[in-house]
2 protein chains.
Amino acid sequence: MTTTVRVLLADDEHLIRGALAALLALEDDLVVVAEAATGPEALAMARAHAPDVAVLDLQMPGADGVKVATSLRAELPGCKVLIVTSHGRPGHLKRALAAGVRGFVPKTVSAQRLAELIRTVHAGNRYVDPELAADAISAGDSPLTVREAEVLEHAADGAPVAEIAERAALAEGTVRNYLSSAASKLGAENRHAAVRLARERGWV
Amino acid sequence: MTTTVRVLLADDEHLIRGALAALLALEDDLVVVAEAATGPEALAMARAHAPDVAVLDLQMPGADGVKVATSLRAELPGCKVLIVTSHGRPGHLKRALAAGVRGFVPKTVSAQRLAELIRTVHAGNRYVDPELAADAISAGDSPLTVREAEVLEHAADGAPVAEIAERAALAEGTVRNYLSSAASKLGAENRHAAVRLARERGWV
DNA sequence: GCCCGCCCCTGACATTTGTCATGCCGGGCG
DNA sequence: CGCCCGGCATGACAAATGTCAGGGGCGGGC
């Protein structure tokens, strides 16, 4: 007997979610038991329906896919998580795996392939897109120290150093130093470029 | 007799494009005659198949939806363009309409609704998502002068003023001035925040 | 024709940011 | 234990950035 897999689908784009639900419904052994458009909603739906596999978009309003996965791991250990994403940032993959995610693929895969992957993770196996994995490996670990990353995050919206210093409870000179060392580690000309790079690599 | 509508589908995310194609195929009067994953590919497909309606993603590799629409308008005036987008930036809507686009909607619409809209634009009518329209109106026109926008663009990747000055063939002081006035017009603290805001509003 | 306002452009000055030399502390290692 | 290394923190100085006052050109209103 082929067991049927109960799936939760979470993506903020209704068009895509609906289309996906329709396509997955064509597979005999898959059934979409719940849909959600936001992070918190996904969590609530998961609690209510206890799906076998949760297919989560990485970027959703409220809480991103990784955050949802973390909560899910604690509350429903039996629920496997598969993350799909449009723009694969290396660091996200690492964070996702740390959160216990079982699968991680870009949205460029076909629906057919996605269905296979749902079965794969349901069977207890893992799968990450080879290209994303290669990116993550070549990007490597974050070279930033805890404080450097913290200061970079505060600098993300272009705030002046004085403001960052206040929020981080540091002297201005110190903040400038962290910014500077972070920028040089990232090979950036200035802190703004550094912020962009760190974001791209998923290190902030 | 209900005429059948020949549709071109362009989106870089295979998962979504495939799912969409499948759903639209369920509608009796719609037929997807071509698919594309990039801007140039969409253009080539349009030339080859001369579709009635082109459904374009706003953000694609190569050339964005608006650029494709512009070319299409010149080469295939009979082909109506409907743009779908994940992240609606006000300025894009304006540019799109200027490029002769007939419909503009976020990806949060349902597939059912999208099918209706394809018929709507095919019938010669226009449709823009009310919420996006409201955003565009409230965001209003760009308050930036030509030079201000130009300098902001050059500043986008965090380049130092000297470099911007060279690329724009201006004195450094002048560049600082434009940056400064642009920032104040946008209500930004500094040029980096200004760049972000201008991007969000679609003014650069 | 003349004035006014806006855009374009510039250099000088004040402020902010980036860089450097330095000190403190805790953890690993010979 | 004593040493060295790396992360954390700071202030002083040099360089980049933001702000200001001002001048030339062009078009619309009177």
Side-chain angles (χ1 to χ4, degrees), chain A residues 91 94-95 98 139-204, chain B residues 91 94-95 98 139-204:
Chain A
K94 186 171 281 277
R95 284 197 302 132
D141 270 350
S142 170
L144 304 175
T145 69
V146 178
R147 283 297 184 292
E148 285 166 353
E150 181 185 337
V151 169
L152 256 197
E153 255 181 282
H154 284 132
D157 53 357
V161 173
E163 198 176 316
I164 302 171
E166 192 179 358
R167 286 198 287 198
L170 288 175
E172 295 194 12
T174 310
V175 171
R176 281 198 277 276
N177 254 120
Y178 285 145
L179 253 17
S180 179
S181 76
S184 84
K185 280 178 181 175
L186 297 175
E189 279 297 313
N190 55 44
R191 66 185 158 131
H192 304 284
V195 166
R196 266 194 317 116
L197 285 172
R199 276 213 187 297
E200 277 173 22
R201 292 170 171 53
W203 288 339
V204 294
Chain B
K94 185 171 283 274
R95 283 198 302 132
D141 271 349
S142 170
L144 305 175
T145 69
V146 178
R147 283 298 184 292
E148 285 166 354
E150 182 185 337
V151 169
L152 256 197
E153 255 181 281
H154 284 132
D157 53 358
V161 173
E163 198 176 315
I164 302 171
E166 191 179 359
R167 285 197 288 197
L170 288 175
E172 296 195 12
T174 310
V175 170
R176 282 198 276 276
N177 254 113
Y178 286 144
L179 251 19
S180 179
S181 77
S184 84
K185 281 178 181 174
L186 297 174
E189 279 296 313
N190 55 45
R191 66 185 158 130
H192 304 285
V195 167
R196 266 194 318 113
L197 286 172
R199 275 213 189 296
E200 277 173 23
R201 291 171 171 55
W203 288 340
V204 294

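Convention: sequence-line order gives letters A, B, ...; per-chain numbering from 1.
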Give me the first and last nucleotide of DNA chain C, going 5' to 3', that has any atom under 4.0 Å from a heavy atom of chain B. C:dC7 to C:dG11

Would the number of heavy atoms belonging to other residues, nucleotides or ligands and lying under 6.0 Å from CD of A:Glu189 be above 12? no

When we call it a touch if two heavy atoms are under 4.0 Å apart, what does B:Thr174 touch: a base, just sugar-phosphate, or nothing? base

Residue mapping more 5' on DNA chain C - nearest nucleotide basis, A:Leu179 or B:Lys185: B:Lys185

Please, which pairs that meet ring pair (Phe, Tyr, Trp, His ring centres under 6.0 Å) have at least one residue in residues 161-195 of chain B, sequence neighbours excluded? A:His192-B:His192

Between A:Glu148 (side chain only) and A:Thr145 (backbone N and O only), is there a donor and an acceptor less than 3.5 Å apart? yes

Could you tell me whether the side chain of B:Asn190 and the main chain of B:Ala193 form a donor-acceptor pair under 3.5 Å? yes

Residue closer to the 5' end of DNA chain C, B:Ala169 versus A:Arg191 (nearest nucleotide): B:Ala169

For the pair B:Arg196 (side chain) and A:Asp157 (backbone), establish whether a donor and an acceptor sit closer than 3.5 Å, ignoring hydrogens and angles. yes

If you count heavy atoms of other groups shown closer than 6.0 angstrom to CZ of A:Arg95, is the number above 12? yes

Should we say atom CZ of A:Arg167 is surrounded by more than 12 heavy atoms from elsewhere, each under 6.0 Å from it? yes

Determine whether A:Trp203 and A:Leu152 make a side-chain contact, defined as any pair of heavy atoms from C-beta on separated by less than 4.5 Å. no

Under a criterion of less than 4.0 angstrom to any heavy atom of chain A, what are the 5'-terminal and 3'-terminal contacting nucleotides of DNA chain D? D:dG7 to D:dG11

Using a heavy-atom cut-off of under 4.0 Å over every strand shown, decide if A:Arg147 touches base, sugar-phosphate, or nothing. sugar-phosphate

